[in-house]
Amino acid sequence: MKFQKKHVISAALALALGAAVYINWQVNSTKQPPAKELGAASYVNATVTATVDEAARTSSISKKQQDYFAAERVKRQTAQDAVLDRAQELFDLENTSESDKSDAQRSVETILKRFTIQDSIESIVKAKGFSDCLCCISDEGVTLIVPKEQLTETAALVLDDAVTSHYNVSYENITLVGA
């Protein structure tokens, strides 16, 4: 009697295990593989075909967008040059106090540091596949302007990473704008 109970229990467990494997196989065989996952590995020498969205994202920007980025760069450069010229005037004045000169010196150093960081961020963003980028650093945070066709959720992660790797700012203080 004891010998038969063990066989019955073993057969029931084997049958339950077989049913579980079969159900799991049926459920998983109907699922589609995920389209794209952030951080998914791919082979370096793999053949890649771009989707229509990816091709549109990496294509060149329109003439209107090119003009916008060029005009904004000129405005930014003009404003930065005006601040540097004002600081130079303070240095050149003979009756300027030493405290005013040291304040002007700190302002110039801060502006030059921001210039360098802005240029670095813009270069990195372009290297990551964006056709153009404009970075503006202020006391409140960082604003990145990229072509609106290229501004997607994954692009936002790339842009945030490009900023935080070169400038000490929290994600809440990064603004992304599509032009």
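Scope of the values below: all heavy atoms of this structure, side chains included, with no hydrogens, waters or symmetry mates. As the structure is a prediction and not an experimental result, all values here were calculated from the model.
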Novice: Find the distance between SG (Cys135) and CZ (Arg114) and round it off to the nearest 0.5 Å.
Specialist: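 Going from the SG atom of Cys135 to the CZ atom of Arg114 covers 10.5 Å.
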Novice: Say you draw a straight line from CD1 of Ile174 to CG of Leu159; how long is it, rounded to the nearest 0.5 Å?
Specialist: 9.0 Å
Novice: Between Glu109 and Arg106, does at least one N-O distance fall below 4.0 Å, as a salt bridge requires?
Specialist: no
Novice: Does atom CG of Asn168 have more than 12 heavy-atom neighbours, drawn from other residues, nucleotides or ligands, at distances under 6.0 Å?
Specialist: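 Incorrect, the count does not exceed 12.
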Novice: Are side-chain heavy atoms of Thr78 and Val74 found at a separation under 4.5 Å?
Specialist: yes
Novice: Could you check whether atom NZ of Lys113 has more than 12 heavy atoms from other residues, nucleotides or ligands sitting under 6.0 Å from it?
Specialist: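 Counting other residues, nucleotides and ligands, NZ of Lys113 stays at 12 neighbours or fewer.
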Novice: Can you tell if the side chain of Pro147 reaches within under 4.5 Å of the side chain of Phe69, non-hydrogen atoms only?
Specialist: yes
Novice: What pair of heavy atoms forms the shortest contact from Ile121 to Ala162, and how long is it?
Specialist: CG1-O, 4.1 Å
Novice: Under 4.5 Å between any side-chain heavy atoms of Asp160 and Leu176, yes or no?
Specialist: yes
Novice: Of the non-hydrogen atoms in Asn173 and Val169, which two are nearest, and what is the gap between them?
Specialist: CB-CG2, 3.5 Å
Novice: Donor-acceptor pair, Gln118 side chain versus Ile137 backbone, under 3.5 Å?
Specialist: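 Confirmed, Gln118 side chain pairs with Ile137 backbone.
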Novice: Report yes if some heavy atom in the side chain of Glu122 is under 4.5 Å from a heavy atom in the side chain of Leu134; otherwise report no.
Specialist: yes
Novice: Do Ile124 and Leu151 share a hydrophobic cluster, counting only Ile, Leu, Val, Met, Phe, Trp and Tyr and linking them when any side-chain heavy atoms are less than 4.5 Å apart?
Specialist: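 Unlinked, Ile124 and Leu151 end up in two clusters.
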Novice: Taking Asp132 as the fixed residue, which of Gln66, Arg73, Gln150 is the one that meets the side chain to side chain donor-acceptor pair (under 3.5 Å) rule?
Specialist: Arg73
Novice: Which value, rounded to the nearest 0.5 Å, describes the distance between Phe115 atom CZ and Thr110 atom OG1?
Specialist: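 Those atoms lie 11.0 Å apart.
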Novice: Apply the side chain to side chain donor-acceptor pair (under 3.5 Å) test between Asp67 and each candidate in Lys64, Gln65, Lys63; give the one that qualifies.
Specialist: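 Testing each of Lys64, Gln65, Lys63 against Asp67, the sole residue satisfying side chain to side chain donor-acceptor pair (under 3.5 Å) is Lys63.
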